Amino acid sequence: MNIRKWFVLQILYFKRLFLKKSFVVLLCLVPLMVLGLRIVASEDNGIVTILLCTENDRDKLSEEIVDGLLSDDSVFDYKYCEDESEALAALEQGKADAVWIFPSDIDKRIKKYASGDTGVNLVEVYEVEDTTSLKLSREALMAAMYDYITYEEYAGYVVNAVPEGTEIDEEELRAYYERFRQDSSLFEYYNMDGTEWSDQGGLLTAPVRGMLSLLILLAGIAGVMYFRQDKEAGVYEYLPQSEEWVYSLSGQLIAMLLLGTVSLISLYFSGNAISLPKELLLMAEYIVACALFCSLLDRIFGSLLLMGIVTPFIVLITFVMCPVFFSLGGFLPVKCMLPTFYYLYGIHDINWIAYGGIYIAVAVVLNVAAELIFNKGIRKNG
Amino acid sequence: MRFLSYFKTQLKRYVKGLPLILSITVLLLGAIALIAYSYMKERSESVEQNKAKIGVVGDLDGSYLGIGISAIESLDASQYTVSFVEMTEDEAQKALSIGDIAVYIIVPDNFVDDVAQGREVTLRMVGRGTQGIGGIIITELADVISVYINSSETAIYAMQDYAWDKGNTDAYGSTADQFFMLEANNLFARDSALEPILVGVGNGSSMIGYYACGIFLLFTMLMGIGFCSIFVRRKQDVSKVLNSQGVHAWKQVAAEYLCYLLATLAIVTLIVGAISIAANVLDVKLTLWAKAPREIRWLSTAQIIWQIYLKWLPAVAMVSALQFMVYELTDGIVSSVLGQFLTAIALGYVCGLFYPISFFPNVLQKIAGVLPVKIAMDYCQSTMRWDTDILRLVAVIVYAALFLALAILARRIKLKR
């Protein structure tokens with residue numbers, strides 16, 4: 001097949017897809033949905049909702065801790081609730097995940113705890129159930145009080161650490177403590193490629209890239225199905241059989257290119273995009289890898305019905321194995337078979353872009369081998 | 001009569017493909033179950049392997065970082081999610097690259113000296129982006145470690161300097177050691193100071209129960225893609241001829257939807273059957289609830305699964321109606337498959353099938369509250385705790401009727417073209 005003919009074929013596929021109104025609507029819908037998610041994501045949200053109450057709203061220490069938590073930019077959604085019984089009712093109704101009640105004598109409790117009497121209960125904690133997120137929230141609560149605890153540890157201990165008869169001045173004690181205070185975080189976050197962690201999109205838009213990559217993969221599979229449908233309808237009857245793979249690949253590529261473009265736009269809308277050249281490189285590699293993966297599936301299953309049946313499973317396996325929503329450890333050989341894995345890992349680790357290249361080379365060899373084994377055999381027998 | 005014969009014709013189309021669909025579904029599910037089982041078995045043998053690993057590069061001896069890390073590790077080891085592994089930078093890079101560790105922390109060589117001299121020190125945490133919820137939890141933990149270390153250091157250095165200035169010549173020796181012990185003991189005992197009182201109410205489902213509902217609904221939605229070969233082969237001309245012969249749009253849609261629903265039910269029932277048999281054979285104890293309902297006390301695991309599944313049938317019917325409507329609204333195989341997927345993933349995500357809905361902002365929670373998948377999810381959860389939410393059941397049925405009405409409308413428009 002010459003270049004001109006191939007080019008005409010691409011235009012035909014392109015035109016054919018755009019003649020379907022629902023396809024155009026879907027293409028427009030994707031970035032709009034992502035944009036909507038981004039707008040909604042700008043609202044306060046957290047992995048759990050925690051209601052904060054104080055037994056005595058004039059208690060300075062409780063107020064300080066509560067204010068600190070409320071102003072904290074954390075993964076927990078803290079809300080102040082004036083009435084304890086109202087907060088507990090909200091917990092029972094499933095409107096909150098935990099209630100923390102700060103006692104009026106919290107300063108005394110902290111002093112007691114700092115002195116080594118660790119049996120004391122610092123804050124009354126009510127939870128729906130003991131989940132990992134709520135365990136983590138209790139760590140955050142302890143962290144919010146920890147500076148007060150260490151100060152009391154220091155102030156309480158220093159009485160015995162100085163020679164007898166030494167007069168201890170509270171202000172002086174505080175000044176020594178303040179001199180060593182460090183408020184900045186101990187950690188700086190970097191990606192493997194040296195860039196800083198970006199949290200622009202936040203929790204809600206974090207899985208957008210993974211979901212879009214699945215959409216592109218699915219566009220490739222749908223392209224293969226389109227080809228199979230045409231073939232079963234006899235569309236390619238009068239065309240050379242040796243060129244069939246070109247038609248199959250063209251159908252996939254056009255669908256994936258369109259979805260890829262829409263996905264890139266959506267990624268910028270979501271706030272999760274990295275530099276444009278790297279995005280383009282990754283996308284180009286991903287589309288080629290997906291096309292070869294889908295071609296292999298086509299050669300293995302070879303019918304519209306079978307492709308339809310295996311597609312939900314491929315989607316589910318990709319969901320679980322690739323870091324779309326969470327990262328599952330192990331299963332490296334299975335993960336390495338999926339093109340989405342290279343794409344999602346390649347974002348911050350350049351090595352995986354190179355491995356993606358190897359994947360493409362191996363997939364080409366496998367496709368050629370499959371073509372020689374299956375199709376040549378069929379043609380000979382035919 | 002014509003409706004019945006059209007229904008029979010449609011049923012034959014499904015029956016023709018169904019043995020293949022069922023056998024491949026069983027094969028694939030078997031393979032997935034085998035992998036999942038071996039994975040769970042391997043993981044359950046080691047508590048350490050259940051945790052997300054964080055690599056630590058550098059020497060921790062003599063630094064408070066070691067204390068902060070041990071403090072985090074000490075928290076309820078049976079369930080908590082992170083463990084720290086010491087490694088070289090090369091090992092850490094390789095491990096991170098293949099996903100064996102979630103992140104690694106680089107402790108600089110002069111870390112201890114810098115800290116001792118009161119210099120501001122930072123540690124590099126290297127990862128692969130925030131990675132959604134996992135990464136966000138790790139950064140939250142890192143913030144907690146930061147506070148523990150900074151505050152402990154502040155207290156100990158202040159104590160040393162104060163005691164020294166007041167004439168304690170042993171301020172940096174055993175006095176500091178004893179203070180350090182007090183700090184460490186208090187830090188390790190913090191769990192008891194915040195002992196939670198479990199109310200055990202809320203929506204009544206455990207996290208496993210919640211995800212059981214979510215996975216069930218997601219799988220049912222994704223199953224729609226599996227039937228694309230049957231849907232895209234429908235002929236517009238045949239529909240027009242049938243319409244002219246009295247099999248109008250609503251009759252066509254009703255017959256096709258019934259067949260689609262029956263085929264979906266056949267697959268889902270097969271899967272539920274396999275799960276209930278496996279659960280009985282392996283004597284699996286179900287942990288679907290925060291507090292198990294009284295009604296299940298005398299039921300076997302298989303009986304519980306079947307009773308829950310039977311109550312979920314209206315939700316299956318509604319989801320099938322939704323998928324059927326999407327097929328009716330899209331044309332061509334590419335649009336149909338992508339439409340199915342987009343519906344499943346977008347509704348699934350927004351309605352909390354992947355993350356609990358409480359993770360999302362209030363606005364989104366309110367929007368999700370009126371969406372069909374969220375209503376189906378709430379309904380399924382209510383039936384799971386033996387407290388069927390009638391209002392949501394009605395909403396599920398109304399939504400199913402609405403989707404079918406839209407499908408009929410779309411068919412009528414197509415027939416008029």
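Everything quoted here is computed from the prediction, not taken from an experiment. Reminder, nothing fancy here: chain letters follow the sequence lines and each chain counts from 1.
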- Item | Which atoms of A/Phe341 approach chain B - backbone, side chain, both or neither, heavy atom under 4.5 Å | neither
- Note on the structure: Looking only at A/Val158, A/Leu218, A/Val120, the option with the highest number of non-hydrogen pairs under 4.5 Å against chain B is A/Leu218
- So, does A/Tyr146 use its side chain to make a donor-acceptor pair with the main chain of B/Ile149 at under 3.5 Å? no
- Query: Between A/Glu153 and chain B, which part of the residue has a heavy atom less than 4.5 Å away: side chain, backbone, both or neither?
  - Reply: both
- Message: If we ignore hydrogens and angles and just use 3.5 Å, is the side chain of B/Thr154 paired with the main-chain N or O of A/Phe180 as donor and acceptor?
- Response: yes
- Query: Who among A/Gly251, A/Ala175, A/Ala114, A/Ala233 has the most heavy-atom pairs with chain B under 4.5 Å?
  - Reply: A/Ala114
- Message: Angle between ring planes, A/Tyr154 versus B/Tyr162, binned at 30° and 60°: parallel, tilted or perpendicular?
- Response: perpendicular
- Message: So for A/Met225, is it side chain, backbone, both, or neither that comes closer than 4.5 Å to the heavy atoms of chain B?
- Response: both
- Note on the structure: Whatever's closer than 4.5 Å to a heavy atom in chain B on A/Glu178 counts as neither
- A/Tyr345 side chain vs B/Ser97 backbone, donor-acceptor pair below 3.5 Å: no
- Go through A/Met307, A/Arg228, A/Glu172 and name the one with the most non-hydrogen pairs under 4.5 angstrom from chain B. A/Glu172
- Task: Compare every heavy atom of B/Leu194 with every heavy atom of A/Arg138, then report the nearest pair and how far apart it is.
- Result: CD-O, 3.3 Å
- Task: Check whether A/Asn160 gets within reach of chain B through its side chain, its backbone, both or neither, counting any heavy atom under 4.5 Å.
- Result: neither
- Message: Using a 4.5 angstrom heavy-atom cutoff, name the option from A/Ile221, A/Val30, A/Leu306 with the most pairs to chain B.
- Response: A/Leu306
- Task: Let me know if A/Leu122 has heavy atoms under 4.5 Å from chain B in its side chain, its backbone, both or neither.
- Result: both
- Query: What part of B/Gln340 gets closer than 4.5 Å to chain A, counting heavy atoms only: side chain, backbone, both or neither?
  - Reply: neither
- Given a strict heavy-atom distance threshold of 4.5 Å, which part of A/Leu17 is in contact with chain B: side chain, backbone, both, or neither? side chain
- Could you check which of A/Thr311, A/Leu141, A/Ile347, A/Thr49 has the highest count of heavy-atom pairs closer than 4.5 Å to chain B? A/Leu141
- Item | For chain A, the option from B/Leu218, B/Ile267, B/Asp165 that forms the most heavy-atom pairs under 4.5 Å | B/Asp165
- Task: Among A/Tyr151, A/Trp352, A/Phe319, single out the residue with the greatest number of heavy-atom pairs under 4.5 Å to chain B.
- Result: A/Trp352
- Message: Report which part of A/Leu259 has an atom under 4.5 Å of a heavy atom belonging to chain B: side chain, backbone, both, or neither.
- Response: side chain
- Contact origin within A/Val24 toward chain B - heavy atom pairs under 4.5 Å: neither
- Query: Checking heavy atoms, do the side chain of A/Glu167, its backbone, both or neither come under 4.5 Å from chain B?
  - Reply: backbone
- Query: Quick one: of B/Ala176, B/Ala171, B/Gly332, B/Gly224, who has the most non-hydrogen atom pairs under 4.5 Å with chain A?
  - Reply: B/Gly332
- Donor-acceptor under 3.5 Å (A/Ser22 side chain, B/Asp331 main chain): yes
- Per-residue tally against chain A (heavy atom, under 4.5 Å) across B/Ala142, B/Ala158, B/Ala155 peaks at B/Ala158
- Query: Heavy-atom count around B/Lys94 NZ within 6.0 Å, excluding the residue itself: above 12?
  - Reply: no
- Query: Where on A/Asp147 is there a heavy atom nearer than 4.5 Å to chain B: the side chain, the backbone, both, or neither?
  - Reply: both
- Query: Is there a donor-acceptor contact under 3.5 Å from the side chain of B/Ser146 to the main chain of A/Leu186?
  - Reply: yes
- Picking from B/Ser192, B/Cys228, B/Pro196, which has the most non-hydrogen pairs under 4.5 angstrom with chain A? B/Pro196
- Note on the structure: Residues B/Ser335 and A/Leu26: closest non-hydrogen pair is O-CD1, 3.4 Å
- Item | Residue part contacting chain A, namely of B/Tyr104, when any heavy atom lies under 4.5 Å | neither
- Relative to chain B, which segment of A/Thr195 carries a heavy atom at a distance below 4.5 Å: side chain, backbone, both, or neither? neither
- Note on the structure: Value for CE (B/Met223) from CD1 (A/Ile309), rounded to nearest 0.5 Å, stands at 8.5 Å
- Message: Under 4.5 Å from any heavy atom of chain B, what part of A/Thr166 do you find: side chain, backbone, both or neither?
- Response: side chain
